[in-house]
Amino acid sequence: MASITAVAQTRDIQFSEFDLPNGLHVILHEDHSTPIVAVGVMYHVGSKDEARDRRGFAHFFEHLLFEGSDNIGRGEYAKYVEKAGGVLNANTTGDRTYYYEVLPSNQLDLGLWLESERMMHAKVEDKGIETQREVVKEERRQRYENQPYGSILPEVLKRAYTEHPYQWPTIGYMEDLNAATEKDYKNFYKTFYVPNNAVLVLAGDFDPKKATTDLKKYFEGIPKGGEIARNKVVEPSMKGEVRDTVFDKIQLPAVVQAYRIPALGTSDFYAVDMLNRLLSNGNSSRLVKNVKDAEQKAVFVGSFSLPFEDPGLAIAFAVANMGVAPDSLEASMDRQFAAVRDEPVPETELEKLKVQIETEHATDNSRVAGIANNLANAYTFLGGTDKVNTEVQQYLAVTAADLQRVARKYFVPENRVVLYYLPMNQKK
Amino acid sequence: MKSPLLHTLALAATLLTPAVMTAQVDRTKAPPAGPAPEVHLGEHKSFLLDNGMRVIIVENHKIPIVTAQVRFDIPPIMQGDIAGYQDLVGELLTSGTARHSKEQIDELVDGLGAQLAGSNDGIYASSLKRNFTQVMDLLYEVVSSANFPNDEFEKAKTRMMSQIGARADDPDQIASVVGHALTFGKNYPHGEVTTEATMGKADRDDVYQYYRYFFQPKQGYLVLVGDITAKEGEAMAKKYFGTWKGAEVPVTKDEQGHDVVKDLGPIIPAGAQPRLPKDVRVAFVDRPGSAQSVIKVLFPVDLKPNDPMATQAQVLNTILGGGVFNARLMQNLREDKGYTYGAYSSLDADRWCGSFSAGCSVRNDVTDSAAVQIMDEITKIRTSPVTADELSLAKNNMAGSFARALEDPRTVARFALNTYLNDLPEDHYETYLKRLDKVTVADVQKAAERFMHPDSATILVVGDKEQVAEKLKPLSTIGRVFLYDVNGDIVREDRTEGATPAPAGMTAQVVMDAYIKAIGGKAVEKVKDLKKEYTTKVQGMDATMTEYNKVPNKYAMEMKMGEMLLQKLVFDGERGKVSGMGGEKELIDTDLDEVRGSAYAFPELHYAEMEQVAKLMGIVDIDGAKAYRLNVKTLAGGQFDEYYDTTSGLKIRKKEFQSQEGAGGFQVITDYADYAPEGGVLFPHTLKQKGGMDMTLTATKISVNQGIADSVFSVE
């Protein structure tokens with residue numbers, strides 16, 4: 001059977017892992033093909049861990065953690081990495097904050113020092129806080145406010161979630177950031193930025209024995225933090241479809257449909273993700289082929305899973321072609337969702353999805369920066385680092401019956417938020 | 001004294017469990033680096049096929065993926081009045097061949113789990129090794145026999161037109177399109193602008209003939225990378241492209257000796273290199289309600305990829321703003337001033353004409369300050385040497401970047417391809433690190449003197465004109481801000497603002513009385529009901545608009561596309577409702593006030609009643625005609641301007657500001673023309689609206705006192 005041969009050909013990512021006494025989990029992946037090494041630290045803290053009046057704090061904190069440490073002055077952090085010939089960056093989601101560098105392999109210790117300094121005793125000065133407040137404000141303007149359709153995610157989230165912190169976007173709100181005090185910073189840091197809440201990944205050209213010795217030198221001395229009391233919120237099911245209109249500086253109307261889906265790593269999540277690929281991956285996918293090509297209703301259409309640690313969303317988004325009204329566009333999209341609910345997916349189409357998954361799996365794990373991220377992700381969210389290799393099986397195990405089942409369960413009007421994005425001059 | 005607000009987060013951390021005893025490490029300074037690793041470029045194989053096509057193969061078995069790139073060496077040519085047709089080449093390439101329809105090609109590609117993407121100079125494919133033979137088969141079929149079906153062309157063109165129309169929404173797109181036009185000039189291929197008009201003129205044959213003329217083996221490259229041996233690659237290349245001939249395209253010559261291709265026209269290559277602007281010009285594209293200004297400082301640069309100073313130029317750009325966090329622009333505009341999320345520069349080498357661009361997106365109130373800082377940084381780097389520290393960071397970083405890029409096997413293939421395309425020395429990339437290492441502070445200064453031109457530059461800003469433009473005047477050498485539209489065309493100054501005073505004795509009332517007299521006098525007061533039917537286009541499609549008025553102040557408006565209702569508004573004299581694509585909503589507060597204010601067929605007769613105050617502001621020039629400008633303030637606190645021709649008395653323009661919560665507002669200008677009588681009253685038969693959505697309404701039927709049922713205005 002085609003899928004079994006497919007499995008045999010995927011190449012596993014080899015790795016070793018262990019815990020330090022202070023709770024830090026360490027994952028090592030050797031790759032000597034290029035003389036570089038990726039150093040990544042994933043902290044299990046994101047915007048869903050924020051207090052309700054400190055929305056945006058986790059992301060703001062990410063900015064602040066580049067401002068220095070007891071041994072690193074303001075502006076020095078990036079200088080060390082760049083002077084060493086490396087790159088650095090970080091990103092925050094609803095569930096985690098990830099910091100990484102990619103360095104020449106003879107600078108591994110620099111990466112270990114920098115990340116351990118960040119974890120052990122990061123330091124922020126007034127000037128840093130004030131500057132990063134302004135920078136985050138500009139980030140918000142640039143990404144959300146000054147872009148056509150830029151507000152879609154915040155507008156969807158606030159209607160899709162009523163209890164859960166996912167209801168606010170990771171970028172947060174300026175009034176909350178302006179209200180943050182010294183106590184807030186200290187508490188956040190001491191609660192979440194602790195070794196027992198983090199995983200350190202090294203991927204690339206290093207000697208595992210030496211690397212282990214060196215990383216212990218830098219990280220073992222960091223005290224273990226306390227047990228983290230997570231405020232687990234279970235979002236109630238939707239009480240029926242939510243529909244609304246948003247006016248924006250746009251010429252072409254857009255339709256956004258957000259469906260509530262299961263959490264990352266659950267078996268239904270894989271079926272939902274496969275369903276999204278059926279709908280939108282490639283020109284022969286259901287939405288692209290029908291809504292965009294055959295019916296010419298959209299200049300763009302797609303459907304994507306937002307993989308969250310707690311139940312997340314699948315977002316279908318389409319921008320109308322000229323002369324197409326949003327209700328006509330929505331009807332066209334709905335016909336495709338109905339088709340997957342009503343008719344089982346033919347085997348040939350399912351096989352197509354599987355070979356797409358297999359191809360993606362191969363390319364996702366081609367560079368050390370990506371591999372480091374995938375390893376950290378598997379450990380933090382998928383229940384074990386080995387999932388980086390076995391997760392693809394869960395995709396390949398999805399059947400046509402599964403696709404139909406999840407379509408009927410999740411991709412239904414009662415379980416969604418629908419937004420029409422309309423040009424501003426249609427407001428009157 | 002230590003600032004009481006200095007935050008030391010370590011304090012909290014040390015109160016927890018005691019540290020484990022470990023080997024001592026000195027945290028107070030960065031650890032030393034180990035010995036520098038060797039950077040190997042890796043090999044490639046290169047050979048020519050009999051038909052002149054060059055093949056480049058890079059073997060790499062790390063992952064079971066093979067990629068193929070076909071690239072044609074096509075010079076930039078003027079597109080002229082069909083600008084934009086080239087952008088359709090890529091999509092049409094995979095939209096059908098003699099053997100397969102687009103739908104079949106899409107199924108084949110997805111069924112193989114592959115990528116297949118055309119562009120205006122070639123095509124790219126990638127897949128798992130085990131599917132690659134089939135992918136190669138399809139790739140060759142597409143390159144050699146794409147037949148550009150007309151129906152696929154029309155669909156792609158319509159989508160493209162929609163997107164061009166939406167350019168005005170996206171400040172980065174506007175900055176890019178207008179930026180290129182201003183850097184190179186619109187009469188240079190790099191600076192040509194695609195508009196709805198030019199794209200509208202393109203037809204299938206233009207695109208098809210472009211492909212046939214330029215996709216030829218003698219200027220073609222096939223690059224194979226990945227899980228494929230040199231032997232396999234060679235066999236594949238010969239099997240598929242070995243005997244490929246390319247299309248035979250009939251060509252004549254014009255007077256200038258240019259090739260003239262049947263159906264496409266003359267192939268006009270890029271002309272003389274664009275010149276630097278003679279001073280600093282400020283160009284502004286208005287995007288009302290913008291939350292930020294997008295700033296770009298621009299000028300063309302004489303820099304080709306094989307220039308002996310190319311590497312020094314890259315070092316210069318890295319120090320100024322080329323992506324490192326420690327670059328001058330980033331440190332100044334973000335880390336010091338907090339004006340922006342990111343500030344960058346790029347100094348692009350190009351075989352025909354290079355360019356420089358530096359900028360960022362900033363909040364409105366610091367636009368002028370940010371522009372000043374960017375210009376200062378460009379000037380500083382030209383006039384004073386960079387520091388040794390900056391130089392070494394830039395060089396180290398570029399060396400590191402070079403090494404990191406080699407993780408992808410396609411990098412080495414790209415190096416090989418570039419060596420041919422850009423006419424580089426054969427060892428250009430092998431010697432890159434050595435060459436980079438040798439760059440000195442003096443070299444960077446020489447490069448700055450040659451390539452940085454802060455005195456001959458265009459400062460382009462895309463943002464909210466009302467809030468920002470005025471303050472940019474000092475940045476311009478001649479103290480002027482030139483307005484441009486989203487197509488890079490200069491906008492005639494709105495001279496309706498600077499009014500010359502009206503003659504003594506003229507008042508708003510006199511102007512309005514003259515208007516009523518001009519359109520019919522007593523006949524105007526006899527109008528009890530009015531129905532005006534218009535045709536128009538909405539997003540390129542035919543639509544109709546109908547307005548109804550009934551005394552005293554009932555009003556309704558309906559906009560339809562065929563039978564489909566786009567929008568409907570009704571006002572029964574007290575309550576109002578709007579319905580359409582977004583659902584239905586009763587009007588309240590300012591929305592209701594605004595409708596009430598414009599519900600009369602002839603509002604001028606009712607200003608006093610509505611407590612609207614009209615004031616004569618003066619005489620202005622509108623497209624060559626003189627007009628009285630009246631400013632009318634509404635009870636709700638809004639205002640609008642109305643313009644009446646001083647000779648005919650007719651109203652020729654209305655200018656209103658439509659506000660929106662949160663995201664600013666926009667100005668709408670309506671021009672009235674082609675007055676003709678109906679029922680004894682003159683009505684304008686052409687209404688041209690600009691701002692928000694641009695529309696022209698043409699009256700097809702105006703019915704006076706024909707009777708309109710009250711139900712037409714019902715809010716239920």
Side-chain angles (χ1 to χ4, degrees), chain A residues 21 34-36 70-71 78-80 82-83 85-86 104-107 109 113 121-124 126 131 134-135 138-139 141-142 145-146 148 182 185-186 189-190 217 220-221 223-224 245 249-252 282-284 296 299 321-323 325-326 352 355-356 359 362 366-367 420 422 424-425, chain B residues 5 7-10 12-13 16-17 19-20 22-23 25 27-28 30-31 33-37 62-65 106-107 110-111 113 128 155 159 162-163 165-166 169-171 289-292 324-326 334 338 340-341 361 393 396-397 399-400 404 406-407 539-541 581-582 660 692-693:
Chain A
T34 318
I36 61 177
D70 281 6
N71 296 307
K79 225 184 214 162
Y80 279 117
E82 290 177 342
K83 198 145 188 202
S105 46
N106 63 330
Q107 295 278 16
D109 278 4
W113 177 63
H121 43 211
K123 188 167 85 177
V124 200
D126 264 359
T131 306
E134 293 307 304
V135 171
E138 293 313 307
E139 185 180 350
R141 287 187 178 111
Q142 191 174 313
E145 295 169 31
N146 213 35
E182 188 178 332
Y185 302 127
K186 286 205 175 133
Y189 188 70
K190 117 176 149 209
K217 274 198 317 222
E220 246 174 7
K224 183 172 183 166
T245 302
K249 282 191 286 294
I250 53 182
Q251 308 290 315
L252 302 171
N283 285 341
S284 75
Q296 301 181 66
V299 293
N321 205 353
M322 63 162 67
K352 173 174 71 167
V355 68
Q356 286 178 336
T359 311
S366 59
R367 302 188 69 167
Y420 279 7
L422 299 185
M424 263 186 180
N425 70 346
Chain B
L5 293 173
H7 306 280
T8 304
L9 299 160
L16 300 165
T17 33
V20 174
T22 53
V25 66
R27 288 188 167 281
T28 63
K62 189 164 164 200
I63 57 171
I65 298 280
D106 292 342
E107 286 291 344
D110 290 351
L128 289 168
K155 285 196 233 173
R159 285 194 296 266
S162 303
Q163 289 168 303
D169 308 338
D170 186 336
S290 288
Q292 285 184 320
V324 288
F325 199 68
N326 279 280
R334 174 176 149 147
T340 182
Y341 178 49
S361 298
L393 187 144
N396 288 358
N397 200 269
R404 282 193 309 277
L406 293 170
E407 193 184 18
Q539 295 163 22
M541 310 284 280
M581 297 190 279
Q660 303 295 343
M693 207 191 259

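Keep in mind that what you see is a predicted model, and the values were worked out from it rather than measured. Values reported hereafter were calculated over all heavy atoms of this structure, with side chains retained and with hydrogens, waters and symmetry mates removed.
- Here the side chain of B/Asp110 pairs a donor or acceptor atom with the backbone of A/Ser284 at under 3.5 angstrom.
- When atom types are taken as modelled, the side chain of A/Arg367 and the backbone of B/Arg404 share a donor-acceptor pair closer than 3.5 angstrom.
- Residue B/Ala399 does not touch chain A at all, counting heavy-atom pairs closer than 4.5 Å.
- Ranked by heavy-atom pairs under 4.5 Å with chain A, the first of B/Asn326, B/Asn397, B/Ile65, B/Asp170 is B/Asn326.
- Crowding of B/Lys62 atom NZ: a count of heavy atoms from other residues, nucleotides or ligands under 6.0 Å exceeding 12.
- Between A/Lys79 and B/Leu393 the shortest heavy-atom distance is CG-CD1, 3.6 Å.
- Note: B/Ser162 leads B/Ala166, B/Ser162, B/Ala36 in heavy-atom pairs under 4.5 Å with chain A.
- We find the CZ-NZ distance between B/Arg27 and A/Lys217 to be 11.0 Å, quoted to the nearest 0.5 Å.
- Using a 4.5 Å heavy-atom threshold, the side chains of A/Glu138 and B/Arg334 count as separate.
- Residue A/Thr359 touches chain B through both its backbone and its side chain, counting heavy-atom pairs closer than 4.5 Å.
- Taken from NZ in B/Lys155 to CD in A/Gln296, the straight-line distance is 5.5 Å, to the nearest 0.5 Å.
- Between A/Asn321 and B/Arg159 there is a side-chain heavy-atom pair separated by less than 4.5 Å.
- No other option in B/Pro35, B/Gly400, B/Gly113 has as many heavy-atom pairs under 4.5 Å with chain A as B/Gly113.
- Counting heavy-atom pairs under 4.5 Å between each of A/Thr245, A/Asn283, A/Leu252 and chain B puts A/Asn283 at the top.
- With hydrogens and angles disregarded, a donor-acceptor distance shorter than 3.5 Å links the side chain of A/Asn146 to the backbone of B/Ala291.
- Judged by distance alone, with hydrogens and angles left aside, the side-chain atoms of B/Asp169 form a donor-acceptor pair with the main-chain N or O of A/Gln251 at under 3.5 Å.
- If you take OG1 on B/Thr340 and CD on A/Gln142, they are separated by 5.5 Å, rounding to the nearest 0.5 Å.
- When A/Arg141, A/Glu134, A/Gln356 are compared by the number of non-hydrogen pairs under 4.5 Å with chain B, A/Arg141 comes out ahead.
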